[in-house]
Amino acid sequence: MTLDAKTAFDALRMREIVPALRQEIGGHPLVYLDNAASTLRPQQVLDAQNAFEESSYSNVHRGVHTLSQRATQAFEDARETVARFIGATSSNEIVFVRGTTEALNLVAQTHGRQAVSEGDQVMVSEMEHHSNIVPWQMLCSETGAQLVKIPLTESGDLDLDVYHEALSERTKIVAISHVSNVLGTKNPIEEMAQSARSVGATVVVDGAQSAPHLGVDVEALGCDFYAFSAHKLYGPSGMGALWGKQDLLEAMPPWQGGGSMIRSVSFSGTEWNELPYKFEAGTPNITGAVGMAAAIDFLEAIGLEPIAAREAELLEAARSALLAESSVQVLGDPKQRASVVSFLIDGIHAHDVGQVLDQEGVAVRVGHHCAQPIMEFYGVASTSRASFGVYNDASDIDRLIDAIRTAKSFFAV
Ligand code: C6P
């Protein structure tokens, strides 16, 4: 039976299955609207991690004993789950990493060093998280390449005319976020990747904010690399995945040296292991992989389509409610968006907004959201940000607006 969005969400009684939501903050039931930072983990993810720890935990790929075999099986099953989740053709293309940041650094320091030389260009957009700017800046300063910015427009979209115009055979890498963590903008990756490919550039997608909210198919996106974190998709922190096209991964040198990433070591020379182990030096986050797979099972049981539809409704309702509120400004109005809305209240610093909202039991993120170029573009130092997840509903928006009114009256705005 296919469930429509409402039935699926009602049936799962979201709030009841996420233990952290069963608490009060400041004497109010918690409303959690900081999902873009980290989502809260459902009981089934916590249970899967505990069950693994209790009965199967050991090191992976290293032992013949039963626990090591169970752990290896669970770890590799998790890799299969991740591959299926994003439409990868083979689990060999999935490299387990600590998160999006590590994945992007891995690509910059391996493929980046191979592909980029003095006089070449690396393009990133003005809406990137620092994790998708700084590794490329480091690469450019090391190689003498130029970092080129794809500019934002006032609406919070990318200026695609400038982008298409700027692409040339000097462009070696285009690195863009699928969904902005500040504006919620959903970038047209398919179109951008097609143009990048036409000049021979590789396309690196920061999927930190898309994997939890949209059904992602890396083949359909047409990118070469896709990075995401488990802690934003109802799984544990310190865990994530990098997908890369097999031929690119094969051609890339290893990133870190150590156990697991080698086939043989001697003082006369070392041979690298096959994919994906070549990029997984040392003991990995084994329970993290199990938790990530359990989180994907959780999301897939609900269905990515109903999730996207429901979150789009919530986002639209939240934007309308914020826009209707006096003294509240919403940052950007992108054509396509997901999950995230940033706002300002005239006369109240975002940190004060965050504190009053917290006292009202409403968790939002405040600050520059590790995307200072966006703040600079809009001429603001910080914003408040509400971001939605599977357990939010319309009553959470009412609570957000009530808390904003409390903040306004507290600061006499
Ligand atoms: N954004 C936020 O509150 P890590 O920390 O490696 O899991 O993810 C980094 C990252 C990369 N790209 C985007 C688009 C992101 O949103 C994030 C993390 C959090 O917005 C923490 S700053």
Side-chain angles (χ1 to χ4, degrees), residues 32-39 99-101 104 124-137 149-160 163 175-189 192 205-214 227-229 231-233 311-312 314-316 318-319 321-323 328-346 348-354 357 362-389 392 397 400 404:
Y32 190 78
L33 296 174
D34 195 18
N35 296 289
S38 276
T39 42
T100 307
T101 305
L104 295 169
V124 299
S125 90
E126 197 168 10
M127 70 169 72
E128 296 312 309
H129 186 279
H130 298 163
S131 294
N132 204 23
I133 299 176
V134 183
W136 306 112
Q137 255 172 347
K149 174 181 88 180
I150 310 165
L152 267 173
T153 62
E154 200 55 39
S155 62
D157 290 296
L158 291 181
D159 192 328
L160 293 180
Y163 168 66
I176 15 169
S177 51
H178 197 179
V179 171
S180 157
N181 69 319
V182 176
L183 304 165
T185 313
K186 179 175 172 273
N187 287 315
I189 301 294
M192 295 178 78
V205 174
D206 172 348
Q209 299 295 348
S210 58
H213 305 291
L214 313 170
F228 64 113
S229 303
H231 70 103
K232 295 182 196 293
L233 54 83
E311 289 178 354
L314 281 179
L315 182 61
E316 222 24 72
R319 273 182 56 84
L322 288 166
L323 286 166
V328 174
Q329 323 279 338
V330 171
L331 214 65
D333 183 16
K335 288 191 198 88
Q336 288 201 304
R337 52 195 167 223
S339 174
V340 173
V341 59
S342 280
F343 60 95
L344 302 152
I345 307 181
D346 298 340
I348 316 180
H349 193 283
H351 283 95
D352 294 330
V353 174
L357 266 52
V362 178
V364 295
R365 183 167 174 194
V366 295
H368 55 58
H369 315 294
C370 301
Q372 283 179 315
I374 301 185
M375 302 295 127
E376 201 180 318
F377 175 81
Y378 285 105
V380 297
S382 54
T383 73
S384 304
R385 180 189 72 184
S387 50
F388 297 91
N392 294 120
I397 300 173
L400 170 68
I404 287 174

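Note: hydrogens, waters and symmetry copies are ignored here, and every other heavy atom, side chains too, is used.
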Item to check | Heavy-atom closest pair, residues Leu344 and Ser382 | outcome: CD2-O, 3.2 Å

Checklist entry - Roughly how far, to the nearest 0.5 Å, is CG of Leu233 from OG of Ser38? => result 10.5 Å

Next on the checklist: Does any part of the side chain of Pro212, heavy atoms only, come nearer than 4.5 Å to the side chain of Thr39, both counted from C-beta?
Outcome noted: no

Item to check | Verdict with supporting geometry, Val340 and Leu183, side chain to side chain contact (heavy atoms under 4.5 Å, CB included) | outcome: CA-CA 6 Å; Val340 173; Leu183 304 165; over 6 Å; no

Next on the checklist: Quick one, Ser177 and Met127 - any side-chain contact, counting heavy atoms below 4.5 Å?
Outcome noted: yes

Checklist entry - So how far is it from Asn181 CG to Cys370 SG, rounded to the nearest 0.5 Å? => result 7.5 Å

Next on the checklist: Between Thr100 and Ser229, is there a side-chain donor-acceptor contact under 3.5 Å, judged purely by atom types and distance?
Outcome noted: yes

Next on the checklist: Quick check: do Asp34 and Arg385 have side-chain heavy atoms less than 4.5 Å from each other?
Outcome noted: yes

Checklist entry - At what distance, to the nearest 0.5 angstrom, does CG of Asp333 lie from OG of Ser155? => result 7.0 Å

Item to check | Trace of the side chain to side chain contact (heavy atoms under 4.5 Å, CB included) decision for Ile189 with Ile176 | outcome: CA-CA 8 Å; Ile189 301 294; Ile176 15 169; 3.8 Å; yes

Item to check | Test log, rule side chain to side chain contact (heavy atoms under 4.5 Å, CB included), inputs Val179 and Leu214 | outcome: CA-CA 10 Å; Val179 171; Leu214 313 170; 3.9 Å; yes

Checklist entry - Quick one: are the ring centres of His130 and His368 less than 6.0 Å apart? => result yes

Next on the checklist: Closer than 3.5 angstrom, by distance alone: can the side chain of Ser387 be matched with the main-chain N or O of Asn35 as a donor-acceptor pair?
Outcome noted: yes

Checklist entry - Would you call Pro373 and Ile133 a side-chain contact if the rule is heavy atoms closer than 4.5 Å? => result yes

Item to check | Distance (rounded to the nearest 0.5 Å) between Asn392 CG and Ile397 CD1 | outcome: 8.0 Å

Checklist entry - Could you walk me through whether Arg337 and Arg319 pass the side chain to side chain contact (heavy atoms under 4.5 Å, CB included) check? => result CA-CA 11 Å; Arg337 52 195 167 223; Arg319 273 182 56 84; 3.2 Å; yes

Next on the checklist: Between Ile404 and Phe343, is there a side-chain heavy-atom distance shorter than 4.5 Å?
Outcome noted: yes

Checklist entry - What are the two closest non-hydrogen atoms of Ala318 and Phe388, and how far apart are they? => result CB-CZ, 3.5 Å

Checklist entry - Taking Asn132 for the side chain and Leu104 for the main chain, is one N or O donor matched with an acceptor at less than 3.5 Å? => result no

Item to check | Nearest non-hydrogen partners of Leu152 and Glu126, listed with the distance | outcome: N-OE1, 2.8 Å

Checklist entry - For the side chain of Thr185 and the backbone of Gly156, is there at least one donor-acceptor N/O pair under 3.5 Å apart? => result yes

Checklist entry - Given Asn187 and Asp157, is the side chain to side chain donor-acceptor pair (under 3.5 Å) satisfied, shown in steps? => result CA-CA 8 Å; Asn187 287 315; Asp157 290 296; over 6 Å; no

Item to check | Side chain proximity check, Lys149 to Val124, heavy atoms < 4.5 angstrom | outcome: no

Checklist entry - Which atom names give the shortest non-hydrogen contact between Pro334 and Gly332, and what distance separates them? => result CD-C, 3.6 Å

Checklist entry - Checking side chain to side chain donor-acceptor pair (under 3.5 Å) for the pair Thr383/His369: CA distance, chi angles, key distance, verdict? => result CA-CA 8 Å; Thr383 73; His369 315 294; 2.7 Å; yes

Next on the checklist: Do Gln209 and Lys232 make a side-chain contact, defined as non-hydrogen atoms from C-beta onward lying under 4.5 Å apart?
Outcome noted: yes

Item to check | Side-chain (Tyr163) to main-chain (Met192) donor-acceptor, under 3.5 angstrom | outcome: yes

Checklist entry - Ignoring hydrogens and geometry, is there a side-chain-to-backbone donor-acceptor pair from His231 to Ala37 under 3.5 Å? => result yes

Checklist entry - Do Phe377 and Glu154 come close enough that some side-chain heavy atom pair is under 4.5 Å? => result yes

Checklist entry - Hey, what do you get for OH (Tyr378) to OG (Ser342), rounding to the nearest 0.5 Å? => result 9.5 Å

Checklist entry - Looking only at heavy atoms, which two atoms of Leu160 and Pro188 are closest? And how far apart? => result CD1-CG, 3.7 Å

Next on the checklist: If you count heavy atoms of other groups shown closer than 6.0 angstrom to CD of Glu376, is the number above 12?
Outcome noted: no

Checklist outcome for this item: Closest heavy-atom pair, Ile374 versus Ser180, reported as atoms and distance to 0.1 Å, is CD1-OG, 4.1 Å

